[in-house]
Amino acid sequence: ALRPSSRALGALSGLSLRSLSTLVLAEHKGGALQPSTLHTVAAAAQLGGPLTLLVAGDASSAGAAAQAASRVAGVAAVLAAEDPCLAHGLAEPAAALLAAVERKRDFSHVLAASSSYGRNVLPRAAALLDVQAVADVSQVLDPSTFLRPIYAGNALATVRALGQGPRLLTVRTTAFAPAPASGGSAPVEAVAGEELAAAQQAAGGSEWVGEDVRKSDRPELAQARVVVAGGRALKSADNFRTLLGALADRLGGAVGASRAAVDAGYAPNDLQVGQTGKVVAPDLYIAVGISGAIQHVAGMSSSKVIVAINSDGEAPIYQVADYGLVGDLFKILPELEAELAKL
Ligand code: FAD
């Protein structure tokens with residue numbers, strides 16, 4: 001699955017005179033490579049051609065992230081850009097860097113994860129390069145043609161990038177199994193000169209003031225194998241914490257929320273699942289007191305097994321659920337928790 005098909009190689013359309021080569025913008029936190037990068041590398045591998053990872057950070061993070069990047073299977077080269085202006089992932093310097101690296105090295109494709117970081121940086125780089133980016137790619141059909149979900153996942157659009165310019169894509173990470181984090185030994189090259197200068201010149205358009213990072217012992221929502229999500233029917237932040245939290249902890253899972261639950265203040269914004277929240281694809285998704293509006297389903301319909309707990313047997317969530325428990329969540333959740341405690 002990680003090799004370009006002959007169809008892919010035969011259908012270069014606007015790219016016919018370019019040889020295939022892909023640059024992936026890596027995402028890391030304090031030097032630790034984020035899983036989204038591994039999913040994006042897997043998408044890049046489907047394009048064919050050598051694959052280069054670009055790591056941007058300051059002295060405390062770029063080196064460690066570059067080492068981790070060089071171990072990713074299938075990566076041919078790592079570019080490490082180290083500068084104080086790249087410390088916090090601000091979009092302006094990162095986009096200027098990405099565009100400058102592309103201008104100098106002429107990759108046929110530039111990819112980033114469709115995460116808040118990738119969505120912030122890549123379209124700016126596309127504007128600097130004067131090409132149209134393709135967002136949220138879920139399948140590579142050939143080097144210029146891609147599938148992407150539209151209308152909150154209710155339809156798939158086939159999009160063809162035209163012209164001779166590079167293809168800039170953001171990638172829906174849940175659609176691509178991650179590349180192995182180890183097995184590679186790519187050389188690391190430091191980015192300097194005009195490429196780094198471009199980032200430095202763009203710095204100042206924005207300023208990093210601080211961050212409020214929520215600490216949790218639970219797995220991260222986007223990566224969790226089990227997600228227990230609650231809706232408006234939970235009625236309070238307390239119920240969210242105790243009832244839903246207890247079930248999530250029992251299953252070693254993350255807690256998610258519908259937008260109605262977030263808007264009501266029952267759950268923090270970063271737990272929202274859906275079109276305007278996170279897209280998740282865990283092995284098990286338990287939707288508790290969630291009606292199943294299309295905007296919510298857009299964020300969880302790729303889950304392997306979906307369980308719905310809802311008092312309304314006609315709720316739309318049952319159209320996507322593999323298993324349903326029709327009943328009152330305030331009765332079912334404690335019973336479920338008690339049964340799981342016996343295991
Ligand atoms: P409700 O629709 O009110 O459903 C509550 C459900 O709980 C009902 O089905 C009810 O039968 C059930 N229930 C009630 N009491 C009990 C009980 N005691 N036991 C069991 N079940 C019970 N929504 C998202 O989730 N994510 C998004 O990213 C998102 N993006 C949006 C973007 C746009 C542009 C728009 C317009 C909307 C978006 N929405 C999103 C909102 C979405 O349309 C719905 O309004 C929202 O998902 C509803 O949340 P809910 O299911 O928790 O609440």
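Everything quoted here is computed from the prediction, not taken from an experiment. As the structure lists them, so they are numbered: ligands from 1, and atoms in each ligand from 1.
Taking the six-membered ring where tryptophan is involved, the planes of H109 and F146 are perpendicular, since the angle between them exceeds 60° and thus also 30°.
Between the choices K235, M300, R259, K278, the shortest heavy-atom distance to atom 40 (C) of ligand 1 belongs to R259.
Only backbone heavy atoms of V273 (N, CA, C or O) come within less than 4.0 Å of ligand 1; its side chain stays farther off. When non-hydrogen atoms are compared, ligand 1 lies under 4.0 Å from the side chain of A293 (C-beta onward) but not from its backbone.
At under 3.5 Å, a nitrogen or oxygen of L329, whether backbone or side chain, sits near a nitrogen or oxygen of ligand 1. When only interatomic distances are considered, the shortest N/O to N/O separation between G289 and ligand 1 falls below 3.5 Å.
Atom 49 (O) of ligand 1 has as its closest protein heavy atom A260 CB, 3.2 Å. Among all protein heavy atoms, the one lying closest to atom 8 (C) of ligand 1 is N310 ND2, 3.7 Å. Among all protein heavy atoms, the one lying closest to atom 2 (O) of ligand 1 is S291 OG, 2.8 Å. For atom 3 (O) of ligand 1, the nearest non-hydrogen atom of the protein is R232 NE, 2.6 Å. Of all protein heavy atoms, the one lying nearest to atom 15 (N) of ligand 1 is A233 CB, 3.4 Å.
Under a 3.5 Å cut-off, the side chain of Y266 and the backbone N or O of A233 do not form any donor-acceptor pair.
Ion pair E195/R105 flagged as a salt bridge, since at least one NZ, NE, NH1 or NH2 atom sits closer than 4.0 Å to an Asp/Glu carboxylate oxygen. We find that D136 and R148 are not joined by a salt bridge, their nearest charged nitrogen and carboxylate oxygen being 4.0 Å or further apart.
Few gaps surround CD on E337; more than 12 heavy atoms of other groups in view lie less than 6.0 Å from it. Taking a 6.0 Å sphere around CG of D238, one finds it holds more than 12 heavy atoms contributed by other residues, nucleotides or ligands.
Residue contacts with ligand 1 include G327, since one of its heavy atoms falls under 4.0 Å from the ligand.
Residue contact check: T276 has heavy atoms under 4.0 Å from atoms 27 (C), 28 (O), 29 (C), 30 (N), 31 (C), 32 (C) of ligand 1.
Side chains of E27 and T37: a donor-acceptor N/O pair is absent below 3.5 angstrom, by distance only.
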